[in-house]
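Both ligands and their constituent atoms are indexed starting at 1 by order of listing. From a predicted model like this one, the values you see are computed outputs, not experimental measurements.
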Amino acid sequence: MTSTEDLRAKVADALRRSRERSTTLTESVDDDDLVRQHSKLMSPLVWDLAHIGNQEELWLVRDVGGREPVREDIDHLYDAFQHARADRPALPLLSPAETLGYVREVREKVFDVLERVPLEGSRLVDQGFAFGMIVQHEQQHDETMLATHQLRVGAPVLHAPDPGPATRPARREVLVPAGEFTMGTSTEPWALDNERPAFRRHVDAFFIDTVPVSNGDYLAFIDAGGYDDERWWSAEGWTYRNQANLVAPRFWKRDGDGWVRTRFGLVERIPVDEPVVHVSFHEAAAYAKWAGRRLPTEPEWEKAARFDPAGGRSRRYPWGDDDPGPEHANLGQRHLRPAPVGSYPAGESALGVRQLIGDIWEWCDSGFEAYPGFAAFPYREYSEVFFGGDYKMLRGGSFGTDKAAVRGTFRNWDHPIRRQIFAGFRCARDVLPDEAR
Ligand SMILES: [Fe+2]
């Protein structure tokens with residue numbers, strides 16, 4: 001049991017870490033860049049920042065703290081459901097200077113609320129849930145802002161050391177045995193409504209790759225004419241491929257016989273050992289079919305990540321129950337790229353699968369559905385309104401995901417055509433009759 005003081009310190013630390021990151025992402029560009037829309041898919045960075053502050057005000061200052069509103073008049077401008085991303089630049093938004101003043105004022109009040117409110121007595125505040133939700137919200141927008149940085153044109157403004165070299169595991173794939181496992185969680189304090197509750201889920205035996213698909217693997221698909229061969233694509237995927245004229249992952253460009261890519265303003269040769277990133281679900285599925293394999297389903301991914309056959313239980317993370325450390329996973333924008341395939345042996349799952357957390361979000365061949373016993377909390381718009389929509393699941397987080405915003409149970413979702421997110425994939429396959437035990 002964590003003491004209240006420890007919990008307050010943990011919350012304060014997480015709040016500071018997320019604000020440091022938001023500051024890095026917004027201070028690194030000038031005002032002109034902050035208010036510009038770098039892509040129709042994204043908001044101006046200044047919108048994200050004010051929206052972060054506004055959500056924090058709504059939940060922590062007004063709701064948890066019971067305080068007077070700071071800027072009720074701007075609520076509608078920063079309500080993501082009222083204005084689509086493409087329309088946000090035309091709104092009478094706060095200026096960069098006003099935004100900074102606003103988020104600072106809100107944050108000061110939040111630290112005051114944190115010291116005074118009891119972190120128990122209602123589901124919203126138990127174990128600091130509302131604070132954890134707001135930390136995750138800020139970190140999620142930080143990852144979105146990082147994607148905006150990847151879309152912006154101009155010289156590099158973000159800098160980070162590269163990850164070290166990797167040692168590949170001996171096996172290419174591992175067998176995940178048939179049977180039930182515990183999916184989701186009822187105990188993780190900051191888990192969001194869509195991860196709840198824990199339940200028993202049967203999964204047939206299957207094989208899953210120990211590492212994600214690399215750029216080198218993916219180049220073989222391109223070189224084999226995979227983008228021009230309808231056989232590998234679903235009907236929907238083929239239509240999208242033709243409409244968008246896809247020939248390679250987003251941000252790749254032909255360079256003589258080979259390819260280069262742009263990464264946060266830097267043009268570089270394709271690193272063949274790195275997990276492929278910036279591919280849509282449709283491209284991932286086409287690659288898998290070409291390779292005689294398939295994408296894992298969401299329950300398969302979670303079982304490969306969490307199931308420990310020795311204890312028969314599900315872990316919080318692939319490596320166990322400890323919070324993520326730098327030895328486990330490439331998280332938190334520590335590096336501005338995925339680490340080579342085979343990295344982080346200390347982060348391996350009980351079944352021997354690596355890099356499930358961090359590096360790249362992994363497309364899974366499942367739609368977004370409620371778990372049995374789901375209850376919307378604290379508001380329907382967090383998850384419920386998205387159930388059953390045109391989405392595919394993304395699991396595990398990327399190099400741009402903070403440790404506060406990913407868990408073995410964490411569920412992300414997006415449209416199957418999205419490519420600006422830090423998404424890649426790994427392959428799985430069925431067990432063949434002569435492999436059955
Ligand atoms: Fe948001």
Side-chain angles (χ1 to χ4, degrees), residues 14-15 17-26 34-35 37-64 69-72 74-89 91 93-94 96 99-100 102-103 106-107 110 124 129-151 190-195 333 361 368 376-387 389 391 394 397-398 400-402 404-406 410-415 418 420-423:
L15 284 168
R17 205 175 60 242
S18 59
R19 187 51 47 87
E20 261 170 42
R21 188 173 171 204
S22 304
T23 304
T24 300
L25 287 160
T26 48
L34 281 176
V35 301
Q37 188 169 40
H38 295 276
S39 154
K40 286 258 180 265
L41 293 171
M42 310 309 265
S43 317
L45 292 167
V46 74
W47 186 92
D48 282 295
L49 188 59
H51 167 79
I52 285 168
N54 187 239
Q55 287 289 303
E56 188 168 319
E57 186 196 339
L58 289 173
W59 286 101
L60 300 182
V61 177
R62 294 188 213 169
D63 201 321
V64 172
V70 182
R71 288 291 302 263
E72 211 167 16
I74 60 168
D75 286 356
H76 74 101
L77 296 174
Y78 299 105
D79 180 343
F81 285 88
Q82 279 197 41
H83 307 284
R85 283 180 177 179
D87 304 332
R88 291 172 192 168
L91 299 171
L93 302 177
L94 298 186
T99 301
L100 282 175
Y102 171 61
V103 299
V106 169
R107 182 53 62 92
V110 164
L124 192 59
F129 175 80
F131 293 90
M133 179 179 78
I134 286 303
V135 163
Q136 291 176 74
H137 180 257
E138 179 161 4
Q139 289 287 0
Q140 283 158 7
H141 276 274
D142 287 344
E143 182 164 356
T144 301
M145 289 198 275
L146 187 64
T148 302
H149 271 264
Q150 170 64 6
L151 286 158
W190 290 3
L192 300 161
D193 61 0
N194 62 59
E195 300 165 67
Q333 206 180 307
W361 289 100
F368 190 30
F377 183 81
Y379 60 118
R380 284 191 68 238
E381 284 73 18
Y382 189 79
S383 309
E384 195 176 1
V385 296
F386 299 100
F387 289 149
Y391 302 109
L394 292 150
S398 76
T401 308
D402 186 79
V406 71
F410 190 88
R411 308 174 76 197
N412 184 12
W413 65 95
D414 212 330
H415 296 293
R418 284 289 181 256
Q420 88 282 7
I421 52 176
F422 304 109

Undergrad: Kindly give the atom name of the N, O or S atom of H51 closest to the Fe ion (ligand 1).
TA: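 Nearest N/O/S atom of H51: NE2.
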
Undergrad: One thing to verify: whether R107 and E56 come together as a salt bridge, which I'm taking to mean a side-chain N less than 4.0 angstrom from a carboxylate O.
TA: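 A salt bridge is present here (some side-chain N lies under 4.0 Å from a carboxylate O).
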
Undergrad: Measuring from the Fe ion (ligand 1), name the closest N, O or S atom belonging to H137.
TA: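 Among the N, O or S atoms of H137, the one closest to the Fe ion (ligand 1) is NE2.
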
Undergrad: Can you check side-chain hydrogen bond (donor to acceptor under 3.5 Å, both in side chains) on Y379 and D193, steps first, answer last?
TA: CA-CA 9 Å; Y379 60 118; D193 61 0; over 6 Å; no

Undergrad: Just checking, any donor-acceptor pair under 3.5 angstrom between side chains of Q37 and R88?
TA: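 The criterion, which ignores hydrogens and geometry beyond distance, is not satisfied for R88 and Q37.
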
Undergrad: Please name the atom of H141, restricted to N, O or S, that is closest to the Fe ion (ligand 1).
TA: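 Closest N, O or S atom of H141 to the Fe ion (ligand 1): NE2.
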
Undergrad: Tell me, do N194 and F368 make a side-chain contact under 4.5 Å, heavy atoms counted?
TA: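 In short, these two side chains touch, coming nearer than 4.5 Å.
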
